[in-house]
Amino acid sequence: MRVSTFRISSHPAHRPAPPPPSYPAVMSSVAIEEHSPVALRECQCPGFLGAFPKLFEGSAQTAGKVCAPGLSAQGSPAEDLQAQFEVLPEACEAGWLGADSDVSVVINGGPTGRRALWIFADTFITKYDSSNQSRVLEGHQMPNNTLGLIACTDEGCTGRAQFFWQRDEAGAIRSFFEPLAENKADGELFWPVAGIASRCGNSVLLLATRVKGFMNVVGTSVIVLKDVADIDDPRQWQYTTYDVGSADLTWFSSVFFADSRGEGDMVYIFGHGKGADGSLPSQNSDTVLARASLQHLLEHDWAKTEYWTTPGVWSAQPEGLKALGLPSWETTCNWSEALGRWYSFNIPAFTTDIFLHTAEDITGEWIKTKVFSVPYPFAQSPWISYAAKAHPELARSDRRRDSPGLADGDCELVFSFISNAWVDSSVETSGNILFAPGGMEFHQRGYWPRFVRVAARMSAETSSRARCIA
C-alpha cells in the first residue's frame, strides 16, 4: 500500500485530495504550515479528527451567545430532497458522482421559466459500479468546478438535478470555470463557493477561492455570467473574471442582498483578514463585512465597495475592519421575514454539531442555536463535515399543519452540508474510502450533498409574526 503525505494549512478549505488513478490517496502524516496557530510539527494520525484538539481553541469565530432567546429550531433529514439529487450515471458511462461547495441561486430561463442553478467545487466524474455500490476509481476525473440545474415552478424547485461540466477541444473533461491562461499555467484553480443572481434572474455573480497547490488560498476571483436566462444550456454561457482583495484579505465567503424587503441593488459580502497572530485568512479569522452595488460588481467595478470598520462606520478603505462575531468560511446568509432575522448555518471546524446563527441586524449581535448533529458514520473519524449552506428555494411552500415536521406558525429553512473523508495510515484499504465497495450506499455515501429541513419559530413574546413567508 502506497502512502501519501498531505500538508494541512491553517486555512483548510476541507477539499478532498483527488486520488491519483495509480494509487490510493491515504493520509499518513500531517504538517501544519508555519502561519498556523500551533507550531510546525509532523503528526502520525491515529484519527484525523482527534489529531489537533487545540487547533481551533480560542478562535474568535466561536464567539456569540448560545440559544437565541425566543427561538426554537430543530432539523431533520430531508429524504425527498435527496431523491432530487439521486441522478446516477447509466451503466458504463462516466457521470457526476459527488462534489462539495454546493451553493445555489435562482435564475430565469429553461422550460418552466425559472430554475435553481447549483455551483459545485471539486467534483468526481467517473463510472458507477452498481454491483458493489461504489464509485469507480480507475479513470476517474476531478474538475475543480461543475454546475447543476433544477427546474422550478410555482410549487417550488422540485425537478430532478441535471449536471454539467465542460470539455476541451480534445474532448477531455475540464472545469466549468478556469483562471486566466497565465494563472492556470502557474497552477492556479477556482473553487466557486458563493454566489448571487440578479433580481431579474438574468445575471449571476460568483465568488471563487483562488487556490494554488494543495489548499493554498492566494485570493478571491469574481466570476460574472450574463444573459443566463436567454440560453438554456449552461455550457453555452460566457463568463468573465476579475480578482479582488488579496491573499491577506479574502472576499469569497458569502454574497447576498442587503435589503430584506426584496428591493434595491446593494449586496453584503463576507470576507476574512489575517488572524490575531498574523496568520493568513482562515475559518479561524474573524468574519468581516463589505457592501457594494451588484450592478457595479457585474461591471467589474470593485472600487466603490465600502467596508464595515471600527467603531461601527462604513469606509471606502478596508482598514480597521470590525469583526461581526459570526463564524464563516464558505457560507450563506439570508433574511427570514418570518423570524425577523438574518440567518446562517455553520459547522465549527472538525466538529459534528450544526448551528443556526441569527441576528436582527447584519452587524450583530449573532446568537447560535444547535439544530442538527452530523449522523453516523460521518460523526467519527475519518470523516469531516463542512459547507453548511441554506437553500431557500427548496423550502416547502405548503405551510399546513399536516406538512411533515411543520406545525402551525413554523418557518421552514433548508440547508445542505458535505461529509468528506481523510484516511489515516492505520486504516487498511485498497483505495480511497470514497471509492470503497458500498461507498455509494446512501447511509455511508460521503462527498455528496446531504439535506436537512429545519422547523423554526420565534415565540409570541419575541415576534408577532405568525406566518412563514418564503
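Aromatic pair W118/F163: ring centres not closer than 6.0 Å. The aromatic ring centres of W251 and H272 sit 6.0 Å or more apart. In this structure, the ring of F124 has its center less than 6.0 angstrom from the ring center of F435. In summary, the aromatic rings of F451 and F85 are positioned with their centroids under 6.0 Å apart.
Surrounding CD of E90 are at most 12 heavy atoms belonging to other residues, nucleotides or ligands under 6.0 Å away.
Side-chain polar atoms of E393 and S104 form a donor-acceptor pair below 3.5 angstrom. In summary, the side chains of D100 and Y386 do present a donor paired with an acceptor at a separation below 3.5 Å, with no hydrogens or angles considered. In this model, a donor atom of one side chain and an acceptor atom of the other lie less than 3.5 Å apart for T331 and S344. A side-chain N or O of T363 and one of D361 form a donor-acceptor pair less than 3.5 Å apart.
For R167, there are no salt bridge (Lys or Arg N to Asp or Glu O under 4.0 Å) partners, not counting sequence neighbours. Under the rule for a salt bridge (Lys or Arg N to Asp or Glu O under 4.0 Å), the partners of R174 that lie at least two apart in sequence or sit in another chain are E178. With sequence neighbours excluded, the residues forming a ring-ring contact (aromatic ring centres under 6.0 Å, His included) with Y239 are F177, listed by chain and number. Under the ring-ring contact (aromatic ring centres under 6.0 Å, His included) criterion, F256 pairs with Y268, F270, W342, not counting sequence neighbours.
Annotation: cation-pi pair R210/F190 absent, no NZ/CZ under 6.0 Å from the ring centroid and within 45° of its normal. By the 6.0 Å and 45° rule, R450 stacks over the aromatic ring of F442. Relative to the six-membered ring of F415, K389 misses at least one condition, a distance below 6.0 Å or an angle of at most 45° to the axis.
A donor-acceptor contact shorter than 3.5 Å links the side chain of Q82 to the backbone of P449.
The list of disulfide (SG to SG under 2.5 Å) pairs with a residue in residues 106-152, not counting sequence neighbours, reads C152-C157. Residue pairs satisfying the salt bridge (Lys or Arg N to Asp or Glu O under 4.0 Å) criterion with at least one member in residues 126-137, sequence neighbours excluded, are absent.
Tested against T250, the residues T220, V288, L280 include a single side-chain contact (heavy atoms from CB on, under 4.5 Å) partner, T220.
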